[in-house]
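It should be emphasised that the depicted structure is a prediction, and the values quoted were computed from it without experimental measurement.
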Amino acid sequence: MEANGNLKNTIDDLTQRLTDLEKSKKVEATQVEVQKVQTEMLLKLRAIRESMLNENASQGVLSSSMVEMEKLRDENAKLKQKVTKHEYRITHLVRNLLKQSTNESK
């Protein structure tokens, strides 16, 4: 009987560990996806900047282009703020998930 109890405890412990590992993999996958989106956004912004510089070089600096460039800089600053907020939230969520999984396994 005692062997069955130990076996059941061992199985329960392994099941909990497996659940914790699955949760941590989901968190890691989320972080990877966020980094992919950030990289894509950065590449798009660089392409826009490069095309604007090429346009300005071939046509001369136009006042409308300068206004548009300023708008893009503002938008870029806002997007950077959003990315920073999302990074903070993700870090906070990961920390809490890990803390919760640690507390649950105890």
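Residues Leu72 and Glu75 form a side-chain contact, since some pair of their non-hydrogen atoms from C-beta on lies under 4.5 Å apart.
One finds the CZ atom of Arg49 at 9.0 Å from the CG atom of Asn76 (value rounded to the nearest 0.5 Å). Separation of atoms OG1 (Thr19) and CD (Glu104) is listed at 9.0 Å; rounding is to 0.5 Å. Within the model, atoms CD1 of Ile11 and CD of Gln16 stand 14.5 Å from one another, a figure rounded to the nearest 0.5 Å. Atom NZ of Lys8 and atom OG1 of Thr15 lie 9.0 Å apart (nearest 0.5 Å).
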Anything under 3.5 Å between a donor and an acceptor, one on a side chain of residues 81-94, the other on a protein residue two or more places apart or in another chain? List them.
unit_1 : atom_1 : unit_2 : atom_2 : d
Thr84  : OG1    : Lys80  : O      : 2.9
Glu87  : OE2    : Gln38  : NE2    : 3.0
Thr91  : OG1    : Glu87  : O      : 2.8
His92  : NE2    : Asn96  : ND2    : 3.1

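With respect to the salt-bridge test (charged N to carboxylate O, under 4.0 angstrom), the residues Lys78 and Asp74 do not qualify. Between Glu33 and Lys36 a salt bridge is recorded (basic side-chain N to carboxylate O distance below 4.0 Å).
Residues Met69 and Ile48 share a single hydrophobic cluster, defined by chaining ILVMFWY side chains whose heavy atoms lie under 4.5 Å apart.
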